[in-house]
Amino acid sequence: MNDRSPAGDSSGGMQLIEHLPFHTDHGIASRARIGLLVLATDFTIEHEWRAIMTGLPGVALYQSRILNDSLITPETLRAMEPRIASATDVILPGTELDVVAYGCTSASMAIGEEKVFERIRSVRPNARCTTPITAAFAAFRALGARRIGVLTPYRADVNRIVADYIVARGFTVPVFGSFNEPDDGKVARITPASVRRGVETILARARVDAVFVSCTSVRLAEAARDIEAETGIPITSSNHAMAWHALRLAGVGDQLPQWGRLFATPLA
């Protein structure tokens, strides 16, 4: 009998073959590694980002979750600031990321974009950074939009932060609509049809160059192209704009017109 198992093997004749030859390539991230910080309470952003990025070979998305309160208030938003660095640090430790995106629109304004970036760069100094509002501003510039209609789910005190922040950056907000729902879990269940009606209400009230739907829990990305076709007005949202911005910052310039006008547009 020819027993080819290693000496002392008690596996009943299993052959062990070690040090097989292999080659390496760039893995699934041959074009870009994008890190995404997702709120612990967010149901939506991963779904929309994966849908957008599925057709982009070589673009890899890596996420972590950051602890937050499901009740959205200025205080709970600001409480996230000291947690940003640790949430970033656990995404592929020791590996370079091309872009890190922080997935909370209202917190980006309550904390301030630069403070968010400082926290990210304390552990990922070479990564390009974005937030939903950073991406929205980039989208407005790329689309040549100055008059912005805004739709949010937030309560009044958070809406004031959002409106003031946008206007302070040189844009005009002639109309601002809100569902006034502070619970992130309920916001994630607001139907796309309700969002569409909210957008239509905004467009009926004032002339705007574009509409921005704020909040990463709100579902808009899959309807963006159809809403634009019906209204003739560019539309974007927190998830929609930030996915586009993260790709462009990573050097991925692919045009994806099925996701609306913005995804056929380069950075300004």
Side-chain angles (χ1 to χ4, degrees), residues 26-54 56-68 77-139 141-142 165 169 184 214-217 221 236-254 256 262-263 266-268:
H26 294 288
I28 64 171
S30 58
R31 298 174 70 192
R33 292 192 194 102
I34 298 173
L36 174 63
L37 306 185
V38 182
L39 298 192
T41 60
D42 195 306
F43 290 83
T44 306
I45 189 169
E46 293 154 314
H47 169 78
E48 293 198 327
W49 273 45
R50 286 177 185 140
I52 290 167
M53 296 186 185
T54 292
L56 294 172
V59 177
L61 175 63
Y62 303 99
Q63 303 113 247
S64 73
R65 292 228 166 202
I66 183 168
L67 184 65
N68 71 299
L77 294 170
R78 294 186 182 106
M80 275 187 275
E81 182 184 349
R83 305 172 192 150
I84 292 171
S86 58
T88 304
D89 204 27
V90 297
I91 303 176
L92 301 179
T95 301
E96 289 287 325
L97 298 173
D98 296 296
V99 176
V100 175
Y102 172 60
C104 186
T105 321
S106 49
S108 300
M109 291 178 269
I111 297 168
E113 296 163 85
E114 287 306 322
K115 288 185 179 179
V116 172
F117 298 160
E118 285 174 15
R119 294 288 186 172
I120 292 171
R121 287 175 178 145
S122 70
V123 293
R124 284 314 210 297
N126 298 321
R128 300 175 184 89
C129 303
T130 188
T131 73
I133 194 61
T134 310
F137 292 149
R141 289 189 290 268
Y165 199 91
R169 270 70 185 169
D184 218 18
S214 179
C215 186
T216 61
S217 284
T236 191
S237 70
S238 296
N239 295 341
H240 186 263
M242 193 164 66
W244 166 81
H245 196 222
L247 289 169
R248 296 298 186 257
L249 289 176
V252 179
D254 301 41
L256 304 170
L262 183 61
F263 277 83
L267 286 172

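Numbering of residues begins at 1 and proceeds along the displayed sequence.
Judged purely by atom type and a 3.5 angstrom limit, R65 uses its side chain to pair as donor or acceptor with the backbone of L39. Between the side chain of W244 and the backbone N or O of A139 there is no donor-acceptor pair closer than 3.5 Å. Judged by distance alone, with hydrogens and angles left aside, the side-chain atoms of E48 form no donor-acceptor pair with the main-chain N or O of N239 at under 3.5 Å. Side-chain atoms of R33 do not come within 3.5 Å of backbone N or O of T95 as any donor-acceptor pair. When atom types are taken as modelled, the side chain of S64 and the backbone of A87 share a donor-acceptor pair closer than 3.5 angstrom. The backbone N or O of A268 sits nowhere less than 3.5 Å from a side-chain atom of R141 that would complete a donor-acceptor pair. Of the possible donor and acceptor atoms, none in the side chain of D98 sits under 3.5 Å from a partner among the backbone N and O of I34.
A pairwise comparison of heavy atoms in D184 and C215 identifies OD1-SG, 4.3 Å as the closest pair. Nearest heavy atom pair, residue C104 against residue L77, reads SG-CD2, 4.0 Å. Here the shortest heavy-atom pairing between L262 and R248 reads O-NH2, 4.5 Å. P132 and T216 get closest at one heavy-atom pair: CG-CG2, 3.9 Å. The nearest pair of heavy atoms linking T105 to S214 is CG2-OG, 3.2 Å. In this structure, I52 and L256 approach most closely via the heavy-atom pair O-CD1, 4.1 Å.
In this structure, R128 has no side-chain hydrogen bond (donor to acceptor under 3.5 Å, both in side chains) partners at least two apart in sequence or on a different chain. For E81, the salt bridge (charged side-chain N to carboxylate O under 4.0 Å, His left out) partners at least two apart in sequence or on another chain are R119. D89 is linked by a salt bridge (charged side-chain N to carboxylate O under 4.0 Å, His left out) to nothing, counting only residues two or more places apart in sequence or in another chain.
Under the 4.5 Å side-chain criterion, counting only non-hydrogen atoms from C-beta, M53 is not in contact with V252.
Between V100 and the options I120, T130, I84, a side-chain contact (heavy atoms from CB on, under 4.5 Å) holds for only I120. Among E113, H245, E114, the one residue that satisfies the side-chain hydrogen bond (donor to acceptor under 3.5 Å, both in side chains) test with T134 is E113.
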Note to self: For a side-chain contact (heavy atoms from CB on, under 4.5 Å) check, start with the C-alpha distance between L92 and R124, then their side-chain angles and the critical distance, and finish with the verdict.
What the structure shows: CA-CA 11 Å; L92 301 179; R124 284 314 210 297; 4.3 Å; yes
Item checked: Chi angles and distances behind the side-chain contact (heavy atoms from CB on, under 4.5 Å) call for I111, Y102 -> CA-CA 12 Å; I111 297 168; Y102 172 60; 4.2 Å; yes
Next item on the list: Evaluate the side-chain contact (heavy atoms from CB on, under 4.5 Å) criterion for residues L61 and L36: first the C-alpha distance (whole Å), next the side-chain angles of each, then the deciding distance (0.1 Å), finally the verdict.
Entry: CA-CA 7 Å; L61 175 63; L36 174 63; 3.9 Å; yes
Next item on the list: Any chance you could lay out the side-chain contact (heavy atoms from CB on, under 4.5 Å) test for I91 and L37, step after step, and finish with the verdict?
Entry: CA-CA 9 Å; I91 303 176; L37 306 185; 3.7 Å; yes
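Relative orientation of the Y165 and F137 rings is parallel, given thresholds of 30° and 60° on the angle between their planes.
Distance check, rounded to the nearest 0.5 Å: CE of M242 to CD1 of I45 gives 4.0 Å. Considering OH of Y62 and CG of L97, their distance stands at 9.0 Å, rounded to 0.5 Å.
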